[in-house]
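Let me begin by presenting the structure, written as structure tokens, before commenting on it.
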Amino acid sequence: MAAEAARAAGLHGVEVVVGDAAAVDRYADLAPADLVLVCGVFGNVTDDDVRRTVGYCTQICATGGTVVWTRHRGEPDLVPRICEWFAAEDFELGWLSAPEAGFGVGAHRFTGRPRPLDRGGRMFTFVDTRPPG
Ligand SMILES: C[S@@+](CC[C@H](N)C(=O)[O-])C[C@H]1O[C@@H](n2cnc3c(N)ncnc32)[C@H](O)[C@@H]1O
């Protein structure tokens, strides 16, 4: 489906990998990358795993590269803390959606040096974190 969508959009340089996105080893031949998308993840994992995954972005993202991430704005709104966590890992904020937008999207640029890949590591595990109602 993703491959089909990429083809339909004329994105012929896109390679679709079907596999465990949480496994650090998956990124061994891609890191450090200029663009890292962590979309559809932060709203489905524990806060600890969000923090852990932000840390792993320092291994996957190149210096000067950008991480784009998403997170719902349901209470408790974790978006401000996510921004703090990226800042603590040498990412500078490029853009953040407005609180009233109804969704959360951020883009952070990595100003540090990529850390070595934690081979065998896992970034996150999906759980149901949706706010009730
Ligand atoms: C919220 S959806 C987001 C999909 C897409 N990234 C987007 O933004 O539209 C999350 C998807 O990730 C899948 N998923 C959960 N854990 C995963 C993992 N470890 N590796 C790859 N996909 C996973 C879920 O089954 C679900 O289809």
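First listed ligand is number 1; within each ligand, the first listed atom is number 1. These values consider heavy atoms only, across backbone and side chains, with no hydrogens, waters or symmetry-generated copies.
- The nearest protein heavy atom to atom 1 (C) of ligand 1 is closer than 4.0 Å.
- Protein heavy atom in closest approach to atom 18 (C) of ligand 1: Asp20 OD1, 3.6 Å.
- We find that Asp20 and Arg122 are joined by a salt bridge, their nearest charged nitrogen and carboxylate oxygen being less than 4.0 Å apart.
- Minimum heavy-atom separation, Asp25 to Arg119: OD1-CA, 3.3 Å.
- Note that atom 12 (O) of ligand 1 has protein non-hydrogen atoms nearby, at separations under 4.0 angstrom.
- Heavy-atom proximity to Cys39, at under 4.0 Å, picks out these atoms of ligand 1: 6 (N), 8 (O).
- Under 4.0 Å from ligand 1, the heavy atoms of Asn44 that appear belong solely to its side chain.
- Less than 4.0 angstrom separates some heavy atom of Gly19 from each of these atoms of ligand 1: 20 (N), 21 (C).
- At least one protein heavy atom sits closer than 4.0 Å to atom 16 (N) of ligand 1.
- Under the 4.0 angstrom criterion, atom 6 (N) of ligand 1 counts as having a protein heavy-atom contact.
- Ranking protein heavy atoms by distance to atom 26 (C) of ligand 1, first place goes to Phe126 CE2, 4.4 Å.
- No salt bridge links Arg51 with Glu84; every basic N to acidic carboxylate O contact stays at or beyond 4.0 Å.
- Under the 3.5 Å distance criterion, the side-chain polar atoms of Gln59 are matched with a main-chain donor or acceptor of Asp118.
- Surrounding CD of Glu15 are at most 12 heavy atoms belonging to other residues, nucleotides or ligands under 6.0 Å away.
- The protein heavy atom nearest to atom 3 (C) of ligand 1 is Gly40 CA, 3.7 Å.
- Taking atom 20 (N) of ligand 1 as the reference point, the nearest protein heavy-atom neighbour is Ala21 N, 2.8 Å.
- Between the side chains of Trp95 and His108, no donor N or O sits under 3.5 Å from an acceptor N or O.
- The pair Asp49-Arg52 counts as a salt bridge, with a side-chain nitrogen and a carboxylate oxygen less than 4.0 angstrom apart.
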